[in-house]
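Read the numbers this way: they start at 1 and go in the same order the structure lists the ligands and their atoms.
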Amino acid sequence: MPDANVETVRDPQPQRVLSGIQPSGVIHLGNYFGAIAQHMALQHEFPGECFYFIADYHALTTVRDAEALRSNVFDVALTYLACGLDPDKALLFRQSDIPEVTELTWLLATVTNMGLLERAVSFKDKAEAGIKRSTGLFFYPVLMAADILLYQSTMVPVGKDQIQHVEMTQDMATYFNEAYAKGAEQPLLRRPEYRLSKAPYVPGVDGRKMSKSYGNTLPLFASGKQLKKAVGAVVTDSTALGEPLTVEGNNVYALLELFCEADELAEIRGYFEAGRRGDDPFGYGHAKQLLAAKISEHFADARERREHYQAHPEEVEAVLQRSAERARAIARETLDACKRACGLL
Ligand code: ADP
Ligand code: TRP
């Protein structure tokens with residue numbers, strides 16, 4: 001029985017985690033260690049709600065094939081469920097199932113200066129990588145801000161490359177609140193904070209940031225020959241077998257680090273520095289074998305769960321739809337409040 005003399009203080013708005021991932025290709029180790037692993041942990045640790053979504057509107061900036069997009073969306077959903085998303089603890093929905101997000105995007109755009117968007121590093125990086133400079137690509141951070149602000153999110157778990165986008169979101173929330181709710185007791189839109197994982201920057205096989213846009217990724221669920229081939233593509237120097245391997249800036253070592261606790265890592269570092277494991281020489285071939293074994297072992301259970309969901313697409317769809325219903329109810333509340341504040345309702 002609650003003590004009648006103790007007043008329960010209720011937070012009028014619950015704390016909320018939110019993050020999105022683009023269905024623009026096969027999910028990779030960078031996505032997993034930078035984002036998905038902390039998404040999975042937060043659903044058990046966070047004392048509020050967790051909202052995760054598949055950013056299909058964002059993916060249109062790079063994917064031009066309807067079938068590929070549909071299949072990528074399904075693949076991201078499978079990956080989340082395989083990696084342990086518990087539909088009773090967290091939502092998983094398609095961004096485009098909540099069309100309110102595009103409406104809020106427009107409202108935010110009207111209070112956002114060009115200069116803010118012109119400073120976006122990811123636009124420059126993507127344009128340099130050869131992605132079409134569409135106005136959608138330029139506008140990408142406004143849509144991302146709408147994703148976050150629409151659900152009054154308080155924490156956004158992402159990799160390092162997304163920090164600037166979350167900071168831009170904070171600015172957009174402030175502009176909007178100042179324009180339409182200055183001095184109000186409760187802000188119209190809550191300012192979110194980002195949260196980094198323990199591995200906020202995972203290098204790709206070529207040493208640049210691992211990214212679907214750069215074609216330098218390692219997938220989570222490859223096995224056998226396919227995995228061997230993927231790991232074989234990790235770029236190394238030409239140190240001869242048996243010679244010491246430099247650890248700093250070493251792609252294979254940096255990837256091994258993701259999978260090892262301190263003790264095991266110290267042991268592996270010893271092999272690299274000696275160029276030997278016990279009496280045997282230790283070179284890049286051995287290091288890559290070790291990496292392939294780690295990947296295979298780490299995702300073994302997830303691979304099994306993935307097979308289950310692959311065979312039951314209706315279960316995946318049910319999770320997406322149930323989640324969208326809940327998310328949309330909150331989206332409508334925020335959007336209506338914003339529209340009223342602007343004089344649109
Ligand atoms: P990509 O760059 O491959 O298109 P996304 O932009 O869809 O990946 O990123 C989805 C999530 O994964 C984001 O939170 C992002 O910060 C994180 N992420 C992507 N690449 C990496 C990486 N190499 N290291 C750490 N986190 C990453
Ligand atoms: N821009 C993010 C990325 O490329 C994906 C994303 C879209 C996102 N909307 C978001 C991440 C909202 C966090 C919150 O990784």
Between ligand 1 and [X], is the shortest N or O to N or O distance under 3.5 Å?
X: Gly30; result: yes
X: Lys160; result: no
X: Ile21; result: no
X: Met210; result: yes

Who gets closest to atom 13 (C) of ligand 1 by heavy atom: Lys212, Arg208, Gln162?
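Result: the heavy atom closest to atom 13 (C) of ligand 1 is in Gln162.
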Counting only heavy atoms closer than 4.0 Å, does ligand 1 sit against the backbone of [X], its side chain, both, or neither?
X: Ser19; value: neither
X: Ala35; value: side chain
X: Asp161; value: side chain

Identify the residue among Leu149, Asn177, Thr334 that makes a side chain to side chain contact (heavy atoms under 4.5 Å, CB included) with Leu188.
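Going through the options one by one, the only one that passes is Asn177.
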Ligand-protein N/O pairs under 3.5 Å (ligand 2):
| residue | atom | partner | partner atom | Å |
| --- | --- | --- | --- | --- |
| ligand 2 | 1 (N) | Tyr140 | OH | 2.7 |
| ligand 2 | 1 (N) | Gln162 | OE1 | 3.1 |
| ligand 2 | 4 (O) | Gln22 | NE2 | 3.3 |
| ligand 2 | 4 (O) | Tyr140 | OH | 2.8 |
| ligand 2 | 4 (O) | Gln162 | NE2 | 3.4 |
| ligand 2 | 9 (N) | Asp147 | OD2 | 2.7 |
| ligand 2 | 15 (O) | Gln162 | NE2 | 3.3 |

Within 45° of the ring axis of Tyr151 and under 6.0 Å from its six-membered ring centre, is that where the NZ or CZ of Arg16 lies?
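Here Arg16 fails the 6.0 Å and 45° test against Tyr151.
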Answer yes or no for Arg208 and Tyr214: cation-pi contact, defined as NZ/CZ to six-membered ring centre under 6.0 Å and angle to ring axis within 45°.
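Output yes; distance and angle both within limits.
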Any idea which atoms of ligand 1 are less than 4.0 Å away from a heavy-atom of Gly159?
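Under 4.0 Å from Gly159, ligand 1 has these atoms: 14 (O), 15 (C), 16 (O), 26 (N).
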